[in-house]
2 protein chains.
Amino acid sequence: MPPPTDLIRQTPLFRGLDDSALRSVIAEARGSRLPAGNILFHQNDALARLWVVTAGRVQLFQLTPEGHQVILHIAGPGQEVGLLPALTDAPSPVSARAVEDSSLLAWRAEDFRALMRGHPQLGFNAIAILGEHIRLYQDRIRELTTERVERRLARTLLRLAKQLGKRTPEGVLIDLPLSRQNLAEMSGTTLYTASRILRGWEDAGIVSSGRERVVIRSPHKLVTIAEDLQR
Amino acid sequence: MPPPTDLIRQTPLFRGLDDSALRSVIAEARGSRLPAGNILFHQNDALARLWVVTAGRVQLFQLTPEGHQVILHIAGPGQEVGLLPALTDAPSPVSARAVEDSSLLAWRAEDFRALMRGHPQLGFNAIAILGEHIRLYQDRIRELTTERVERRLARTLLRLAKQLGKRTPEGVLIDLPLSRQNLAEMSGTTLYTASRILRGWEDAGIVSSGRERVVIRSPHKLVTIAEDLQR
DNA sequence: CGTTCTTTTGAGACAGCTCAATTTACGTGG
DNA sequence: CCACGTAAATTGAGCTGTCTCAAAAGAACG
């Protein structure tokens, strides 16, 4: 199976490259598969490669010494994993795990940096990606320090919907196996509180959720909660 | 007064440049002053410039619609301000204010990007800086979701000590006007809780604090609290 | 030496956590 | 297709860390 050129072309990391550059990029890619649940790398690992997800979902997270997991990002098709360590030669600050059966393309970090020297556009793309992460993280810090759980949960769902949402007849499906526990780890709360809030929203007709599955029936009402516009 | 070449040479943004590159950089710099309390820019502003602090302290923060302030970073001499908007042409996600009388060097964003094209080292430096911020923000998110206030406050002080600490006979002085309110805004708590915890540490001989002033007498004990090694 | 801002302290409330027990949903193998 | 085992989700009850609000004391500064 040849690397999916069209997907790569539209990837944040490789967008805007001319055809010859794209060919060099693809020439050095290696494909691989990562079954659901498998770890791609651990935090503090030195990484020699960077990846782009072509199918499935890869979760970036940290574990605390006490065993709590914090989910920092979920990368879907077109998104890169391990970019920062590949660029800076520092160990990875996060761990990565497939939450669905996934396919990836990999480049050797070294080769990628060589490509970057030849194609400055890659550098600008990398900066844009890191910048986007910085903005998201700053927002989360602000939310965690100033907002209550319900608002944070609403924001988490809206962020997921924007990134991985899929229109269905019942509403916007978060297209990802998503337990209450996962939701808690993304919102800074506990499984139990997340469950209670989801239940409340279910009763209010805002969401429709099941086992590891959430559909947003009324995104508008969720925004209302996230922005605290309700009264 | 000529731009301080030596300081610029050791700045994370401009380090590793050869002398001719450094001369071009300095040629385009414009100096300015920013008295304590003054705003450099607001969040959502489109910025046409980027700055490097040469003296004083510049605080990066966000304000919530409810009026809560969250401090995301404090830039001291050698550190850059407004880098991300300058690189990506997007509005600034944060506001910036001098917390002491400060001096800055400014470059037009446009000029800086031109310099970057001529000197790839600048691009790598920028990436390293953004990467460092990402790591710090990820750590803070993990702390905010899994740790209690006392540990977070300890970490905040240790981070400040590392960045802006000054050895004195009594201990490590956080060299910055730092109110309980500010500390709370950096740690994700309230003025009152921060005050109580500081008081406790004062009684335990760990810190020695006064009006807008903190000295760490026993960094070791603070680490013990931050890492929850105490018993 | 009065004004203003910071810090401290008390008292009470409550959002959210913890722990335990039960119910529900799903997948598997007989 | 049903029964069983396992993991997710729900729900209750009680606790507590932290916030809120109010008031007073302390520090800086003209």
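Lettering follows sequence order; numbering is per chain, from 1. Predicted model, so just to flag it, every value in this text is computed and none were measured.
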**Request:** Just report the end-to-end axis angle for the helix from C:dC1-D:dG30 to C:dG30-D:dC1, five pairs per end, to 10 degrees.
**Result:** 40°
**Message:** Students often get this wrong, so: under 4.0 angstrom with heavy atoms, is B:Arg211 touching a base, only sugar-phosphate, or nothing?
**Reply:** base
Any side-chain heavy-atom pair from [X] and [Y] closer than 4.5 angstrom?
| X | Y | answer |
| --- | --- | --- |
| B:Arg140 | B:Arg159 | yes |
| B:Leu104 | B:Arg33 | no |
| A:Arg180 | A:Leu198 | yes |
| B:Glu132 | A:Thr88 | no |
| A:Leu173 | A:Arg213 | yes |

**Message:** So if I apply the side chain to side chain contact (heavy atoms under 4.5 Å, CB included) rule between B:Met186 and each of B:Val70, B:Leu153, B:Leu157, B:Leu178, which one comes out positive?
**Reply:** B:Leu178
**Item:** A:Ser195 vs D:dA9: side-chain N/O to OP1/OP2 distance below 4.0 Å
**Value:** no
**Item:** Donor-acceptor pair, side chain of B:Gln163 and main chain of B:Ile74, under 3.5 angstrom
**Value:** yes
**Prompt:** Is the backbone of A:Ala226 close enough, under 3.5 Å, to the side chain of A:Arg151 for a donor and an acceptor to pair up by distance?
**Reply:** yes
**Fill in**
Nt span of DNA chain C in reach of chain A heavy atoms at under 4.0 Å, 5' end first, is C:dA15 to C:dC26
**Prompt:** Would you say the side-chain atoms of B:Thr11 and B:Glu80 include a donor-acceptor pair closer than 3.5 Å?
**Reply:** no
**Request:** Specify the separation, in whole Å, of atom CZ of B:Arg180 and atom C1' of D:dG26.
**Result:** 12 Å
**Message:** What is the separation between atom CG on A:Leu178 and atom P on D:dA8, rounded to the nearest whole Å?
**Reply:** 12 Å
**Request:** Scan nucleotides 15-22 of chain D nucleotide by nucleotide, 5' to 3', and note B when protein non-hydrogen atoms come under 4.0 Å of the base, S if they reach only the sugar-phosphate, - if neither.
**Result:** --SSSBBB
**Mutual orientation of the aromatic rings belonging to A:Phe14 and A:Trp107 [parallel < 30°, tilted 30-60°, perpendicular > 60°]** = tilted
